[in-house]
> 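Mind looking over this structure? Questions follow.
FYI, the numbering just counts along the sequence from 1. Nothing here was measured: the structure is a model prediction, and the numbers come from that model.
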Amino acid sequence: MRPTGKMAAAAAVALAQSYHSYQEMDCQALTEQAVRNVGGQMDYRGSNDMARSAAWLGTLENVRAEGKLAPGALLFIHEDDESGLPARYQGDGFGDFSHVGMYVGEKALTDTDKQGKHRECDVVHSSQSMGRVCGSTLQNGWTHVMWANEIDYGEDAGGLNLSSDAEEIINKEPDSEDSVVNNEGEGVAPAKNKYVQVVSPNGKPVRIREGASHSAINKKGFEAEVGTRFQVLGEKNGFYRIMFRGKGRWIDAKFTEEVE
């Protein structure tokens with residue numbers, strides 16, 4: 001069972017209120033530990049891996065405009081400069097998601113800034129400049145919001161469904177009640193409240209495609225690691241439609257298994 005966004009946010013606040021140095025717990029480790037502390041699982045290779053494995057990823061500006069910034073959502077600082085980007089991500093067009101934190105709710109905790117002044121915070125992160133896990137505000141350079149596959153946002157996201165509604169925010173193309181619209185504009189049978197995770201006979205990542213066929217485009221770097229969890233948006237030709245890097249894309253169903 002996945003923890004809710006509110007549970008993950010509460011765990012992050014608890015970590016901020018008990019001292020942890022940056023050396024002990026960097027930004028990635030903080031985020032993962034908060035999820036684990038409430039019974040979830042999260043394990044990435046860094047903040048760039050997180051961003052590229054999102055259930056949904058969008059700009060902070062758009063999410064705030066929609067009023068759908070949920071507790072437990074991950075926040076990123078994005079930079080176009082790729083000089084510090086790990087080689088495996090260079091050239092994929094996403095840039096450098098150099099830092100990650102967690103939104104914990106408006107004024108969810110009080111902390112001190114670099115000058116020692118108390119301030120109300122709505123974000124928890126592990127700051128290298130502060131040297132510890134601490135509070136932050138939405139004005140602290142955060143640019144993007146991610147919903148993680150490992151967290152159940154549900155009603156915490158203002159009733160947002162992490163399938164059709166998330167795609168609607170990005171593409172501004174609302175789905176009908178009876179179908180989901182695929183990249184070719186064709187109707188796809190919906191699969192509400194169905195979740196799968198990636199499996200692979202050889203343990204290698206599985207290709208994510210632009211359409212529901214093996215001949216559809218597989219862009220460079222469009223692969224999902226074994227164990228990655230997705231919500232199914234629809235089914236067609238033995239493929240599942242999923243959200244991958246902020247867009248509706250497709251994965252061969254035989255390389256997945258259904259999970260709760």
Side-chain angles (χ1 to χ4, degrees), residues 4-6 8-13 16 26-28 30-32 34-35 42 44 46-82 84-85 89 92-109 111 113-114 119-130 133-173 243-248:
T4 66
K6 287 183 178 179
V13 169
D26 65 13
C27 62
Q28 173 198 347
L30 159 69
T31 304
E32 294 177 344
V35 172
M42 182 176 279
Y44 289 96
S47 55
N48 276 290
D49 188 24
M50 287 181 177
R52 287 162 170 81
S53 304
W56 180 79
L57 180 71
T59 66
L60 175 59
E61 180 182 4
N62 287 343
V63 173
R64 295 182 75 178
E66 292 284 340
K68 294 175 178 176
L69 180 61
L74 306 191
L75 293 166
F76 291 95
I77 294 177
H78 178 267
E79 301 173 13
D80 292 325
D81 181 7
E82 295 190 355
L85 187 64
Y89 303 125
D92 67 2
F94 278 81
D96 187 4
F97 292 87
S98 59
H99 189 52
V100 63
M102 183 178 289
Y103 178 70
V104 294
E106 186 176 359
K107 298 180 180 180
L109 74 157
D111 204 342
D113 61 17
K114 293 180 181 179
R119 62 176 178 175
E120 300 296 325
C121 300
D122 35 35
V123 179
V124 171
H125 69 142
S126 185
S127 168
Q128 187 171 19
S129 61
M130 290 284 285
V133 174
C134 58
S136 174
T137 70
L138 290 173
Q139 289 71 46
N140 199 33
W142 305 105
T143 61
H144 285 70
V145 177
M146 165 185 164
W147 285 305
N149 286 291
E150 297 86 349
I151 299 173
D152 181 6
Y153 297 98
E155 295 302 321
D156 296 346
L160 187 67
N161 180 302
L162 294 187
S163 55
S164 59
D165 285 348
E167 189 171 3
E168 179 180 344
I169 292 173
I170 300 168
N171 297 328
K172 304 300 181 182
E173 296 178 355
M243 292 297 292
F244 182 80
R245 297 184 183 174
K247 295 288 185 179

> Given 3.5 Å as the limit, does a donor-acceptor pair link the side chain of Tyr153 with the main chain of Ala148, or not?
yes
> For a quick test of reading the model, state the closest non-hydrogen atom pair linking Ala12 to Val104 and the distance between them.
CB-CG1, 4.0 Å
> Could you check if a side-chain atom of Phe94 sits within less than 4.5 angstrom of a side-chain atom of Arg52, using non-hydrogen atoms only?
yes
> Taking the side chain as everything from C-beta on, heavy atoms only, tell me whether Phe97 gets closer than 4.5 Å to Met50.
no
> Just how far is it from atom CG of Leu74 to atom CH2 of Trp147, taken to the nearest 0.5 Å?
11.5 Å
> Does Gln28 reach the side chain of Ser47, with side-chain heavy atoms less than 4.5 Å apart?
no
> Partners of His78 by side chain to side chain donor-acceptor pair (under 3.5 Å), sequence neighbours excluded?
none
> In this structure, are over 12 heavy atoms from other groups packed under 6.0 Å from Glu106 atom CD?
no
> Could you tell me whether the side chain of Val100 reaches within less than 4.5 Å of the side chain of Thr31, counting heavy atoms only?
yes
> For the backbone of Cys134 and the side chain of Ser126, can you confirm whether one donor and one acceptor N or O come within less than 3.5 Å of each other?
no
> Is there side-chain contact between Val124 and Leu109, with at least one heavy-atom pair below 4.5 Å?
yes
> If I take atom OG1 from residue Thr137 and atom CH2 from residue Trp142, how far apart are they, to the nearest 0.5 angstrom?
9.5 Å
> When you look at Leu75 and Val145, which way does the side-chain contact (heavy atoms from CB on, under 4.5 Å) test go after all the steps?
CA-CA 5 Å; Leu75 293 166; Val145 177; 3.7 Å; yes
> Give a yes or no on whether the backbone of Leu138 and the side-chain of Asp122 come within a donor-acceptor separation of less than 3.5 Å.
yes
> Do Asp81 and Asp96 make a side-chain contact, defined as non-hydrogen atoms from C-beta onward lying under 4.5 Å apart?
no
> Check for a donor-acceptor pair, side chain of Asn149 on one end and backbone N or O of Ser53 on the other, with a separation under 3.5 Å.
yes
